[in-house]
Amino acid sequence: MSAPANPRHPPLGPGAAYALLAFCLPVWGVNWPVLKIALGSIPPVWLSCVRMGSTALCLFAALAVLGRLRLPGRHDMPAVVSIGVLMMGIYPAMTVMGLEFAEAGRASLLSFITPLWVTPAAILLFGERLTRLKAAGLALGLGGLGVMFNPIGFDWSDGDVVYGNLLLVASSVVWAIPILHMRRHVWRLSPFQLAPWQLLAAALVAAPLALVVEAGETVRWSETLFWLLLYSGPLATALTILGAVAIARSLPAITASLLFLATPVAGMLGGAAILGEALTVTNLAGLALIVAGLAAVALGDAR
């Protein structure tokens, strides 16, 4: 069942959506270790607030210069709430809070198990078909995640580690809701025009949460933190939001959620390259399974 579309803001074609994903992946992958480093100087919820707020200001300025700044109407308000509050506000705050107690690679892994929730919902709500190749891709991808998670080697006795990992799993549920919603939303304004309003909503959600949860904690400002925030905010966050929205509204919900499994691969490689996190045999085996699953999904779409 195809999604309704506004002819003024049509979704991308499948080829363009895949090309956009390939362009975004390196930026997303590097962003996980960047956030991990930034957490040494700024509390997690404040980090999310600063990321969203700074990116919103940049996009407001860009739209004003281009003469395309518009106030969202009531038809687009559900997208502002769904993407702004859930995808940009609650999801990043939960992932960064979980990142405090998990390696960058593991955090990117657990926060993207969305196919577990999107697949049954898309079948039941949208009538999407799970073809044999997509089913094989789902099995391979989730199998790869399971291998990389390695529950046998997980320290279940450490309460902080368990708490952090549970937060990351819960964040994947939060991420699944906007993926499903974006597939069905009829866009009056373009995703680019809505993005700063969504980011503003996210910052307004994160700021009071930070005041309550992180009261008394301080930010250790430095030139290094400035560059980390510049990368993770206006660059990576803007590209994450605009890229993810464009991909999710251009492809079936099941396909999009499975393709986003490529993000943990990029995150794992980024954590290894920048933070020196170990690429163990189980990690490499899991990566191989995920890549095979993504190939099966891509082949299924091509057919």
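Worth saying up front: this structure is predicted, and the values here are computed from it rather than measured.
Side chains of H181 and P78 form a contact here, defined as non-hydrogen atoms less than 4.5 Å apart. Considering only heavy atoms from C-beta on, R51 comes within 4.5 Å of L35 through its side chain. Counting only heavy atoms from C-beta outward, the side chains of T95 and W32 approach each other to under 4.5 Å. Side chains of I37 and L225 form no contact here, defined as non-hydrogen atoms less than 4.5 Å apart. Two residues are said to be in side-chain contact when any heavy atoms from C-beta on lie closer than 4.5 Å; F192 and R68 meet this criterion. Using a 4.5 Å cut-off on side-chain heavy atoms (C-beta onward), L229 and S54 make no contact. Residues L199 and T237 form a side-chain contact, since some pair of their non-hydrogen atoms from C-beta on lies under 4.5 Å apart.
Between D76 and the choices V81, L189, L71, the side-chain contact (heavy atoms from CB on, under 4.5 Å) rule is met once, by L189.
Hydrophobic cluster membership differs between L57 and V65, with clusters built from Ile, Leu, Val, Met, Phe, Trp and Tyr side chains linked at under 4.5 angstrom. Transitive grouping of hydrophobic side chains (ILVMFWY, heavy atoms separated by less than 4.5 Å) keeps L230 and M52 in distinct clusters.
Between P26 and Y231, the closest heavy-atom pair is O-OH, 4.3 Å. Closest approach of V34 and S232 over heavy atoms only: CG1-CB, 4.2 Å. Summarising the geometry of I42 relative to V50, their closest heavy-atom pair is CD1-CG2, 4.2 Å, with the distance given to 0.1 Å. When every heavy atom of P33 is checked against every heavy atom of I274, the shortest pair comes out as CG-CD1, 3.7 Å. Closest approach of V45 and A206 over heavy atoms only: CG1-O, 3.5 Å. When all heavy atoms of M77 and P72 are compared, the closest pair comes out as SD-CB, 4.1 Å.
Here Q198 contributes atom CD and L59 contributes atom CG; the two are 10.0 Å apart, rounded to the nearest 0.5 Å. To the nearest 0.5 angstrom, M94 atom CE is 10.5 Å from L209 atom CG. Atom CD of E223 is separated from atom CG of L228 by 10.5 Å, given to the nearest 0.5 angstrom. Interatomic distance, OG of S171 versus CE of M97, reported as 11.0 Å (0.5 Å rounding). Separating the OG atom in S222 from the CH2 atom in W227 is a distance of 12.5 Å, to the nearest 0.5 Å. Taking OG of S190 as the start and CZ of R70 as the end, the distance is 10.0 Å to the nearest 0.5 Å.
Ring-plane geometry between F60 and W197 is classed as perpendicular, the angle between the planes exceeding 60 degrees on a 0 to 90 degree scale with a lower cut at 30.
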